[in-house]
Amino acid sequence: MVEEAMLLLKEEDEGSRRTSWWILVFISIFFLISAQAIAVLLGRFYYNEGGNSKWISTLVQTGGFPILYLPLCLLPASQSSSSSCSFKTLVWIYLSLGFAIGLDNLLYSIGLLYLSASTYSILCASQLAFNGVFSYYINSQKITCLILFSVLFLSISAVLVSLDDDSNSPSGDSKWSYLIGCFCTVLASLIYSLQLSLMQFSFENVLKSETFSMVLEMQIYTSLVASCVAVIGLFASGEWMLLSVEMEEFQEGQVIYVLTLVGTAVSWQLCSVGAVALIFRVSSLFSNLIGTLSLIVTPLAAIAVFHDKLTEVKMVAMLIAFTGFAFYIYQNYLDDLNVQRARKTQAELF
Ligand SMILES: Nc1nc2[nH]cnc2c(=O)[nH]1
């Protein structure tokens, strides 16, 4: 009797843990998709209205990290991080990942500056394929049929959206700038995928902490390093001297210039917390998949904000993307069922 009651209690506890896991995953998905769409649109707005600094675009992708100290301080003590690894290892992880993020952000900004949104999205879809390879080798991710179809559907969808997009690059159409833009975007996709897989590896094999503080600390300290890279670049390149002119000549005025940069910085932080939380809770490949899904739904936001046309191709592309997304969620659900079945059998045996 007592054993049965214990088993029932354990099952109920497990059930509520799984429910809160799904709720947290959906909140992270919401932040990643909506905040990335806003950040990308604000980034385009900055370039379209006269902004021209690659290093400022790089800096705003991580420079908003101080706002994350507020949730970090508000978390209950039981949620404070208690990583088992040494201080030296932690510093090494934050420095290497932070440097990779800084480099990725610079290449990402150059890609956005030199390419049209369409070419940019096609090349960005390559990050899912890169991530599939890195996840297989670094994170021992099982590539099931559902995951493979999910990656394929999202890649096809990104290509469809791209082919349909007729916007031009903000920097004009010179052949050299096009080639530089393509090279930087593919390299950024490779670095971004590697960085996500290494982050998952750090969470699972080095940090081994189960708290949300770990997610926030990872985001804060890697952003601090990446922001230092951007500030050094800003001063070393001499771009800082042009900032006051850029602000004065911004077509929408100085106040909107500052608000655009602040809004972009805050959006990137919310998006990154969502991305890191998904790596922590699910996997780097899933986080990348949702990021790519966001790339595909960004045209929807552009339809609402900039009154772009909603074409049939865009609608089909989004349908394909959501089908791909549903495949991955269904795979997670199946994994979940398997874990529950295994636990039940184990409990019955003992
Ligand atoms: N390369 C790359 N960098 C990013 N930084 C934030 N999102 C992305 C992304 O989708 N690709």
Side-chain angles (χ1 to χ4, degrees), residues 28-29 31-44 46 54-55 57-65 97-115 117-135 151 154-155 157-159 161-162 180-200 218-219 222-223 225-227 229-230 264-279 283-299 301 321 325:
S28 308
I29 290 175
F31 272 111
L32 174 49
I33 292 186
S34 53
Q36 180 158 293
I38 295 172
V40 169
L41 290 179
L42 283 176
R44 280 240 151 252
Y46 165 76
K54 292 183 286 295
W55 286 106
S57 310
T58 307
L59 182 59
V60 291
Q61 289 181 55
T62 49
F65 70 87
L97 285 175
F99 186 75
I101 293 172
L103 187 61
D104 166 53
N105 289 346
L106 173 65
L107 294 167
Y108 188 85
S109 309
I110 298 175
L112 265 181
L113 176 65
Y114 288 150
L115 298 178
S118 54
T119 317
Y120 180 78
S121 321
I122 295 182
L123 296 174
C124 248
S126 64
Q127 68 195 24
L128 273 181
F130 285 135
N131 213 157
V133 176
F134 288 135
S135 291
V151 169
L154 272 137
S155 305
S157 173
V159 172
V161 164
S162 317
I180 294 172
C182 288
F183 176 75
C184 289
T185 308
V186 173
L187 193 59
S189 301
L190 188 126
I191 293 173
Y192 185 65
S193 313
L194 181 63
Q195 160 212 317
L196 294 191
S197 284
L198 289 177
M199 212 177 255
Q200 182 183 347
M218 172 66 87
Q219 179 55 26
T222 52
S223 292
V225 176
S227 301
V229 171
T264 316
V266 172
S267 307
W268 274 123
Q269 283 309 309
L270 297 179
C271 151
S272 304
V273 169
V276 178
L278 285 180
I279 296 173
S283 70
S284 58
L285 188 57
F286 185 68
S287 179
N288 203 340
L289 207 115
I290 300 299
T292 308
L293 185 68
S294 162
L295 207 82
I296 293 159
V297 299
T298 303
F325 170 66

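One-based numbering along the sequence shown. As the structure lists them, so they are numbered: ligands from 1, and atoms in each ligand from 1. Because only heavy atoms are used, hydrogens play no part in the values below, and waters and symmetry mates are left out as well, while side chains stay in.
- Partners of Tyr46 according to the side chain to side chain donor-acceptor pair (under 3.5 Å) rule, which considers only residues two or more places apart in sequence or in another chain, are Glu246.
- Residues passing the side chain to side chain donor-acceptor pair (under 3.5 Å) test with Thr222, sequence neighbours excluded: none.
- At least one side-chain heavy atom of Gln36 sits under 4.5 Å from a side-chain heavy atom of Trp268.
- Nearest approach of Ala321 to Leu293, heavy atoms of both residues: CB-CD1, 3.7 Å.
- For Ser193, there are no side chain to side chain donor-acceptor pair (under 3.5 Å) partners at least two apart in sequence or on another chain.
- Taking OG1 from Thr292 and CD1 from Ile33, the interatomic distance works out to 10.5 Å, rounded to the nearest 0.5 Å.
- Sorted by chain and number, the residues within 4.0 Å of ligand 1 by heavy atom are Gln36, Asp104, Tyr108, Gln127, Ala188, Ser189, Tyr192, Trp268.
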